[in-house]
Amino acid sequence: DDKAIAYLEQAVQVDTDDPQVHLKLAQQYAHRGSQTKGLELLEDFLARHPNEPDALYALAQYQSGQGDIGNALKTLNRIEVAKRSPDVALLQQHLTIKNLEQDAKSSMQSGEKKAAINMLSKAEALGSGNEELTLGVAVAWAEIGEVKRGRALFEKVKVSHTSPSASWHL
């Protein structure tokens, strides 16, 4: 929406140091089909705030939202471990698992079932304790043809965690 973009462009001018305002504007640009403009906005922000964890986190959020998981992980890895917030750690965990799920599907399509199983086993271990991540891995098991393993993981989540949302039952 043009009003949202105009408002966010004003907000960026008023608060030139807020990475989340820059992220929101970049996301609006992307939503309107200007992904490059959004990326350039965040890269310019990062050039003014090099190695700032919040700036790197905003760029990684944008990259992941554009499906660029590999670069999002590289961006997050630029943040010093001691300066990683719980949000950064969670995004990194989520993206690592998504990357493993995608690689497992590719391996399966290439006929490398053992590699796919190893990747999803690693993803399952990484997601342990997080309902959303675990359920995503359960779906990935089913997608590579390991329906029983996916169902077993789903049942494990149902027993040990709060009830999954209705969308997981569909």
Roughly how far, to the nearest 0.5 Å, is the CG atom of Asp15 from the CG atom of Asp17? 6.5 Å
Indicate whether any N or O donor in one side chain lies under 3.5 Å from an N or O acceptor in the other, for Gln92 and Asn77. yes
Could you verify whether a donor N or O on one side chain and an acceptor N or O on the other, from Glu124 and Thr134, lie under 3.5 Å apart? no
Any heavy-atom pair between the side chains of Val147 and Trp141 that's under 4.5 Å? no
I'd like to know if Leu46 and Leu91 are part of one continuous hydrophobic network [Ile/Leu/Val/Met/Phe/Trp/Tyr, side-chain heavy atoms within less than 4.5 Å]. yes
Give, for atom CG of Asp87 and atom NE2 of His94, the distance between the pair rounded to the nearest 0.5 Å. 13.0 Å
When rounded to the nearest 0.5 Å, the distance separating CZ of Arg78 from CG of Leu73 is 13.5 Å
From Tyr62 atom OH to Gln66 atom CD, the distance as rounded to the nearest 0.5 Å: 4.0 Å
Measure the shortest side-chain to side-chain distance between Lys37 and Arg32 over non-hydrogen atoms and say whether it is less than 4.5 angstrom. no
Can Met119 be reached from Leu126 by stepping across I, L, V, M, F, W or Y side chains whose heavy atoms are under 4.5 Å apart? yes
The reported gap from CG in Leu39 to OG in Ser34 (rounded to nearest 0.5 angstrom) is 12.0 Å
Sequence-distant partners of Gln20, side-chain hydrogen bond (donor to acceptor under 3.5 Å, both in side chains), two or more places apart: Gln61
Say whether Leu120 and Ile97 are linked into one hydrophobic cluster, either directly or through other cluster members, by side-chain heavy-atom distances under 4.5 angstrom. yes
Calculate, to the nearest 0.5 Å, the distance between atoms CG and OG belonging to Leu76 and Ser64 respectively. 8.0 Å
When every non-hydrogen atom of Leu59 is compared with those of Leu42, the smallest separation belongs to CD1-CB, 4.0 Å
Side chain of Tyr57, backbone of Thr75: donor and acceptor closer than 3.5 Å? no
Please tell me whether Leu95 and Ile79 are part of a single hydrophobic cluster in this structure, the criterion being side-chain heavy atoms less than 4.5 Å apart. yes
Before giving the answer on salt bridge (charged side-chain N to carboxylate O under 4.0 Å, His left out), spell out for Glu101 and Lys98 the whole-Å C-alpha distance, their side-chain angles and the decisive distance to 0.1 Å. CA-CA 5 Å; Glu101 290 170 357; Lys98 285 293 167 205; 3.0 Å; yes
Contact between Glu131 and Leu135 at the side-chain level, heavy atoms closer than 4.5 Å - yes or no? yes
Side chains of Pro53 and Arg84: closer than 4.5 Å at any heavy-atom pair? no
Does Pro19 reach the side chain of Phe45, with side-chain heavy atoms less than 4.5 Å apart? yes
Taking it one step at a time, do Glu146 and Arg149 satisfy salt bridge (charged side-chain N to carboxylate O under 4.0 Å, His left out)? CA-CA 5 Å; Glu146 293 289 323; Arg149 189 140 180 200; 5.9 Å; no
Could you identify which residues cluster with Tyr7, counting Ile, Leu, Val, Met, Phe, Trp and Tyr as linked when any side-chain heavy atoms lie under 4.5 Å apart, either directly or through a chain of such contacts? Ile5, Leu8, Val12, Val21, Leu25, Tyr29, Leu41
Listed by chain and number, what are the side-chain hydrogen bond (donor to acceptor under 3.5 Å, both in side chains) partners of Glu52, not counting sequence neighbours? His49
Cluster overlap Leu133 with Ile144, hydrophobic side-chain contacts below 4.5 Å: yes
Report yes if the side chains of Gln27 and Lys24 come closer than 4.5 Å at any heavy-atom pair, otherwise no. yes
